[in-house]
Amino acid sequence: MGIRGPILDAGCGPGHWTAFLADRGHEVEGVDLVPEFVEVAIRRHPHLSYRVGSLSDPVIAEASLGGVLAWYSLIHADAEELPVLLRAIRRGLKEGGGLLVGFFDGAHGEPFPHAVTTAYYWSVDGMARLLEREGFAVVDSDARVQDGRRPHASLSAVAV
């Protein structure tokens, strides 16, 4: 899936994926809720754009994005908040815009303690259903298990 237009790295943390995308020629901005993460990102990658904010910020113009990377940034959203965030992502994406979501694979919506705050498992099928309900078509999925680690999954989708 080729991305045409700006990319939002939602939940950018220290900015390493934002920098990765920028190094490959993409116009990209990193956004994170945690001011300290944004400060680190700016310090490490001062030539890139980072800001404190949320996916649901109204400053993300409707249909302005070619892609959104939500790499483990939706894991802290519970069953009520997750659809709201997916709706906000869909609103910001152009039709045909891409979304890549990384998450912990498990019992759909089951909470677990995480380093920062409570996180939630999402099943691949359950996440796919949520995406489809919020205006996406899932185009690819991946799940992996490593000994001694939580199961991981990712879904690629396009805005329809």
Side-chain angles (χ1 to χ4, degrees), residues 1-77 81-82 84-105 114-117 119-122 124 127-128 130-131 134-146 148-160:
M1 151 175 59
I3 300 296
R4 291 196 172 99
I7 297 173
L8 180 69
D9 182 2
C12 66
H16 55 288
W17 289 115
T18 314
F20 177 86
L21 292 167
D23 288 347
R24 275 138 192 87
H26 294 283
E27 178 186 346
V28 61
E29 177 183 34
V31 176
D32 204 289
L33 285 171
V34 181
E36 294 82 5
F37 288 163
V38 172
E39 289 171 16
V40 168
I42 290 169
R43 202 169 42 252
R44 289 183 180 171
H45 313 284
H47 61 291
L48 298 177
S49 176
Y50 295 97
R51 65 181 168 85
V52 176
S54 168
L55 281 171
S56 56
D57 283 351
V59 296
I60 299 169
E62 188 171 340
S64 64
L65 300 170
V68 172
L69 174 62
W71 199 247
Y72 292 86
S73 57
L74 300 176
I75 64 169
H76 301 293
E81 186 181 18
L82 185 57
V84 173
L85 296 175
L86 292 174
R87 205 167 302 128
I89 292 170
R90 175 58 190 95
R91 185 184 132 308
L93 280 168
K94 299 174 185 179
E95 188 168 323
L99 170 63
L100 177 59
V101 180
F103 56 98
F104 294 107
D105 188 16
H114 190 260
V116 179
T117 187
Y120 298 86
Y121 289 106
W122 300 103
V124 171
M127 181 65 81
L130 281 170
L131 288 169
E134 297 304 333
F136 293 92
V138 174
V139 295
D140 193 25
S141 66
D142 181 55
R144 63 193 184 286
V145 177
Q146 292 174 281
R149 297 194 168 194
R150 290 183 183 96
H152 296 268
S154 63
L155 290 174
S156 296
V158 293
V160 292

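Every heavy atom of this structure was used, including side-chain atoms; hydrogens, water molecules and symmetry mates were not.
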Atom pairs and distances, donor-acceptor, side-chain atoms in residues 134-144, under 3.5 Å, two or more places apart:
residue	atom	partner	partner atom	Å
E134	OE1	R87	NE	2.9
E134	OE2	R87	NH2	3.1

Just distance, no hydrogens or angles: give the donor-acceptor pairs under 3.5 Å from side chains in residues 16-29, sequence neighbours left out.
residue	atom	partner	partner atom	Å
T18	OG1	D9	OD2	2.5
R24	NH1	F20	O	3.0
E29	OE2	R51	NE	3.0

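Summarising the geometry of E81 relative to H76, their closest heavy-atom pair is OE1-O, 4.2 Å, with the distance given to 0.1 Å. Contact detail for D105 and Y121: the closest heavy-atom pair is O-CD2, 3.5 Å. For A10 against S73, the heavy-atom pair with the smallest separation is O-OG, 2.8 Å. The two residues L100 and S156 have their closest heavy-atom pair at CD1-OG, 3.6 Å. The minimum heavy-atom distance linking L85 with A77 is given by the pair CD1-CB, 3.7 Å. When every heavy atom of V40 is checked against every heavy atom of P14, the shortest pair comes out as CG1-CB, 3.9 Å.
Between atom OH of residue Y72 and atom NE2 of residue H114 there is a gap of 9.5 Å, rounded to the nearest 0.5 Å. Here the CZ atom belonging to R90 is positioned 10.5 Å from the CG atom belonging to L99, to the nearest 0.5 angstrom.
A tilted orientation is assigned to the rings of F104 and H152, their planes being inclined by 30° to 60°.
Put simply, the side chain of R43 never gets that close to the backbone of P46: no donor and acceptor are under 3.5 Å apart. No side-chain donor-acceptor contact under 3.5 Å links R4 to the backbone of G96.
Annotation for F37: atom CZ does not count as buried by contact number, only 12 or fewer foreign heavy atoms lying within 6.0 Å.
Two residues are said to be in side-chain contact when any heavy atoms from C-beta on lie closer than 4.5 Å; L65 and K94 fail this criterion. Residues S154 and W71 have side chains in contact (heavy-atom distance under 4.5 Å, counting atoms from C-beta outward). You'll find the side chain of L55 reaches within 4.5 Å of the side chain of L74, heavy atoms only.
For the residue pair H45 / Y50, no side-chain donor-acceptor distance below 3.5 Å is found, with atom types taken as modelled.
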Determine, stepwise, if the pair V101 / M127 fulfils side chain to side chain contact (heavy atoms under 4.5 Å, CB included). CA-CA 9 Å; V101 180; M127 181 65 81; 4.2 Å; yes
Using side chain to side chain contact (heavy atoms under 4.5 Å, CB included), reason through F103 and V124 one step at a time and then give a plain yes or no. CA-CA 9 Å; F103 56 98; V124 171; 4.3 Å; yes
Determine, stepwise, if the pair L8 / L69 fulfils side chain to side chain contact (heavy atoms under 4.5 Å, CB included). CA-CA 6 Å; L8 180 69; L69 174 62; over 6 Å; no
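The stretch residues 30-39 participates, sequence neighbours left out, in no side chain to side chain donor-acceptor pair (under 3.5 Å) pair at all.
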